[in-house]
Amino acid sequence: MNRVVVTGMGAITPIGNDVETFWNGLKEKKLGFGPITTFDTSDYKVKLAAEVKDFDAKKYMDPKAARRMERFSQFAVAASREALLDSGIDMEKEDPFRVGVCVSSGIGGLQAIEREHAKLLEKGPGRINPLLVPLMISNMASGNVSIQFGLKGKSIDVVTACASGTNSIGEAMRTIQHGEADVMVAGGTESAITPIGVAGFSGLTALSTSEDPTRLSIPFDAERNGFAIGEGAGVVVLESLEHAKARGAKIYAELVGYGSTSDAYHITSPAEDGSGAARAMINAMNEAGVKPEQIDYINAHGTATHHNDLFETKAIKLALGDHAYKTKINSTKSMIGHLLGAAGGVEFIVCVKAIEEGFVHATAGLLVDDPECDLDYTKGDGVSMEVNYAVTNSLGFGGHNASLLVKKFEE
């Protein structure tokens, strides 16, 4: 089995449109929340979200190509471009059939669906944009990345709701381990801050209705009352160790474990005992040959819904035993909200940066302790510490659980 390493990273987020700006924002506890600007929220209970700011697709691609992509695909191409540039890969020197893509979206182009449906009702079927289908379907993130950068290897889209980004990186890892590709561009992208997106999640009572940005997305806090919807993309370049070394690549970290399970319990609630998510973490540790006491840091799914944070806490205790109380845990969603299918891609980057810089960011906004959430969620300020092993968790509607285990690279 090939060893798999991380050689490039790219991010579009509510607190910065590149990895460095995003990471510095996390260190400064910068909040990406503000009033929704894309539609009138007068009739909505939810007024705030975590929008991507100052994004101009034409900076990242040809304007004609940008017009043929919905926002989630534009984010995917932009983050992939940064990741590929960061990796230093020269596609002229690569066999393009050995470089693949797995950049996924949980929802796809909601904007296109809303816009064209309104047109259908007002003007009839003859006025629908002929590109509606390729604008809206979720695999177009991978498709557009493949087309833009000439990547001719396996190109897939893993749709597992809010676990999509994490599953995508895991499945890309498997592809390289088994020799189907030398390089995979992998991660998640999402842009669903739309009338139907916000109304839909509101109908589930999943979204926070707070109008105070500092109390909007407060994972593990006793006063938490739902997540803040966010948007963006997180994409990494994964390579076989052999391929990375042959081209003299900078190696950020090694991806050593991947676990994926299903709760088989409920369409929106995680299993109450945390057993499904725990098994995903255990499977990732078993693959890596790592004991619970070696885990330094967990980037939690941490959505700030009552059920998620409680059941994920139980899952971490099940997976790590007594060591759960000694492990640093945080939630990146405390600053950028829930990026849905993109969350796992962005949060994987946070784990790699934590290893690279020896820093675990704070869970911003965590003020009021919940006696049932009694682990160390990095309250207050971030912590400088050595991080050798980091886990990132993603849990999706439908009972999808995914965990990735990253370690500091050693020869």
Exercise. Using the side-chain hydrogen bond (donor to acceptor under 3.5 Å, both in side chains) rule, collect all pairs that involve residues 4-16, keeping only residues at least two apart or in two chains.
Key: T7-E239
Self-check item: H361 and T332 side chains, donor-acceptor separation under 3.5 Å
Solution: yes
Quiz item: Any side-chain donor paired with an acceptor under 3.5 Å for S42 and D40?
Solution: yes
Quiz item: If you draw a 6.0 Å radius around NZ in K152, do more than 12 non-hydrogen atoms from other residues or ligands fall strictly inside?
Solution: no
Quiz prompt | side-chain contact (heavy atoms from CB on, under 4.5 Å) between F348 and V236, worked out | solution = CA-CA 9 Å; F348 179 80; V236 292; 3.8 Å; yes
Practice problem: Check the angle between the aromatic planes of Y377 and F220 and answer parallel, tilted or perpendicular using the 30° and 60° thresholds. | Solution: parallel
Practice problem: Evaluate side-chain hydrogen bond (donor to acceptor under 3.5 Å, both in side chains) for R174 paired with Q177, printing each intermediate quantity in order. | Solution: CA-CA 5 Å; R174 290 277 179 266; Q177 283 177 324; 2.8 Å; yes
Quiz prompt | Whether over 12 other heavy atoms sit under 6.0 Å from L204 CG | solution = yes
Quiz item: Is there a donor in the side chain of D263 and an acceptor in the side chain of N401, or the other way round, less than 3.5 Å apart?
Solution: yes
Quiz item: Hey, mind stepping through D296 and M385 against side-chain contact (heavy atoms from CB on, under 4.5 Å) and telling me if it holds?
Solution: CA-CA 9 Å; D296 301 303; M385 58 179 273; 4.1 Å; yes
Quiz item: Side chains of H301 and C162: closer than 4.5 Å at any heavy-atom pair?
Solution: yes
Quiz item: Do T38 and I36 have side chains that get closer than 4.5 Å, going by heavy atoms?
Solution: yes
Quiz prompt | K53 atom NZ, neighbour heavy-atom count above 12 within 6.0 Å | solution = yes
Quiz item: Judged by modelled atom types alone, do D18 and T21 share a side-chain donor-acceptor pair under 3.5 Å?
Solution: yes
Practice problem: Measure across M335 and A364 and return the closest heavy-atom pair with its distance rounded to 0.1 Å. | Solution: CG-CB, 3.7 Å
Exercise. State plainly whether the residues D322 and K317 are in salt-bridge range, i.e. N to O under 4.0 Å.
Key: no
Self-check item: Euclidean distance, M281 CE relative to I316 CD1, rounded to 0.5 Å
Solution: 5.0 Å
Self-check item: Distance flag, aromatic centroids of F201 and F227, threshold under 6.0 Å
Solution: yes
Quiz item: What is the minimum heavy-atom distance between F359 and K27, and which atoms define it?
Solution: CE2-CG, 3.6 Å
Quiz prompt | Validation row: V77, F149 side chains within 4.5 angstrom (heavy atoms) | solution = yes
Quiz prompt | Residues that H323 engages under ring pair (Phe, Tyr, Trp, His ring centres under 6.0 Å), provided they are two or more places apart | solution = none
Exercise. May I ask you to check whether T37 and E51 show a side-chain donor-acceptor distance below 3.5 Å?
Key: yes
Quiz item: Have Q111 and S191 got a donor and an acceptor in their side chains that come within less than 3.5 Å?
Solution: yes
Quiz item: Residues two or more places apart in sequence or in another chain: which of them pass salt bridge (Lys or Arg N to Asp or Glu O under 4.0 Å) with E386?
Solution: K408
Self-check item: For V158 against C102, the heavy-atom pair lying closest together
Solution: CG2-SG, 3.8 Å
Quiz item: Do E231 side-chain atoms and P14 backbone N/O form a donor-acceptor pair below 3.5 Å?
Solution: no
Exercise. Would you check if D157 and S104 make a side-chain contact, meaning some heavy-atom pair closer than 4.5 Å?
Key: yes
Practice problem: Nearest 0.5 Å please: distance from the NE2 atom of H306 over to the OG1 atom of T205. | Solution: 12.5 Å
Quiz item: Would you say the side chain of I298 lies within less than 4.5 Å of the side chain of N393, judging by non-hydrogen atoms?
Solution: yes
Quiz item: Would you say the side chains of S105 and S138 form a donor-acceptor pair under 3.5 Å?
Solution: no
Practice problem: Taking all heavy atoms of I229 and all of I193, pick out the closest pair and write down the distance. | Solution: O-CD1, 3.9 Å
Practice problem: Please report the closest heavy-atom contact between A163 and S394, naming both atoms and the distance. | Solution: CA-CB, 3.7 Å
Quiz item: Strictly by modelled atom types, are S210 and S208 linked by a side-chain donor-acceptor pair under 3.5 Å?
Solution: no
Quiz item: Can you check side-chain contact (heavy atoms from CB on, under 4.5 Å) on I329 and T378, steps first, answer last?
Solution: CA-CA 6 Å; I329 301 163; T378 320; 5.5 Å; no
Exercise. Test S260 against every option in N167, N283, T166 by the side-chain hydrogen bond (donor to acceptor under 3.5 Å, both in side chains) rule and name the one that passes.
Key: N167
Quiz item: Is D370 salt-bridged to R224, cutoff N-O under 4.0 Å?
Solution: yes
Exercise. Answer yes if the side chains of H243 and E94 hold a donor-acceptor pair under 3.5 Å, and no otherwise.
Key: yes
Practice problem: State whether a side-chain donor-acceptor pair under 3.5 Å links Q148 with Y60. | Solution: no
Quiz item: Under 4.5 Å between any side-chain heavy atoms of V383 and K328, yes or no?
Solution: yes
Quiz item: Taking all atoms of both residues into account, what is the closest heavy-atom pair of G8 and D86, and its distance?
Solution: CA-OD2, 3.4 Å
Quiz prompt | Set of ring pair (Phe, Tyr, Trp, His ring centres under 6.0 Å) partners for F75, sequence neighbours left out | solution = F55
Practice problem: Start with the C-alpha distance between L320 and M285, add both sets of side-chain angles, then the distance that settles side-chain contact (heavy atoms from CB on, under 4.5 Å), and finish with yes or no. | Solution: CA-CA 10 Å; L320 300 190; M285 290 189 288; 3.8 Å; yes
Self-check item: NZ/NE/NH1/NH2 to OD/OE distance under 4.0 Å, E122 and K119
Solution: no
Quiz item: Do the side chains of Y258 and I169 get nearer than 4.5 Å, heavy atoms only?
Solution: no
Exercise. Could you walk me through whether E293 and K326 pass the salt bridge (charged side-chain N to carboxylate O under 4.0 Å, His left out) test, one step at a time?
Key: CA-CA 8 Å; E293 50 271 24; K326 298 175 190 159; over 6 Å; no
Quiz item: What salt bridge (charged side-chain N to carboxylate O under 4.0 Å, His left out) pairs are there with at least one residue in residues 176-201, not counting sequence neighbours?
Solution: R98-D182, K154-E180
Quiz item: Is it the case that more than 12 heavy atoms not belonging to D54 sit under 6.0 Å from its CG atom?
Solution: no
Practice problem: To the nearest 0.5 angstrom, please state how far the CG atom of D309 sits from the OG1 atom of T363. | Solution: 9.5 Å
Quiz prompt | D273: side-chain hydrogen bond (donor to acceptor under 3.5 Å, both in side chains) partners, not counting sequence neighbours | solution = S275
Quiz item: Below 4.5 Å, heavy atoms only, C-beta onward: do D369 and K379 meet side chain to side chain?
Solution: yes
Practice problem: With side-chain hydrogen bond (donor to acceptor under 3.5 Å, both in side chains) as the test, would you mind laying out the steps for Y297 and N388 before giving the verdict? | Solution: CA-CA 9 Å; Y297 161 52; N388 289 307; over 6 Å; no
Quiz prompt | Salt bridge flag under 4.0 Å for residues K58 and D56 | solution = yes
Quiz item: Charged N to carboxylate O under 4.0 angstrom, R115 versus E70?
Solution: yes
Self-check item: Residues, nucleotides or ligands: over 12 heavy atoms within 6.0 Å of E20 CD
Solution: no
Quiz prompt | Polar side-chain atom of D221 near backbone of V368 as donor-acceptor pair, under 3.5 Å | solution = yes
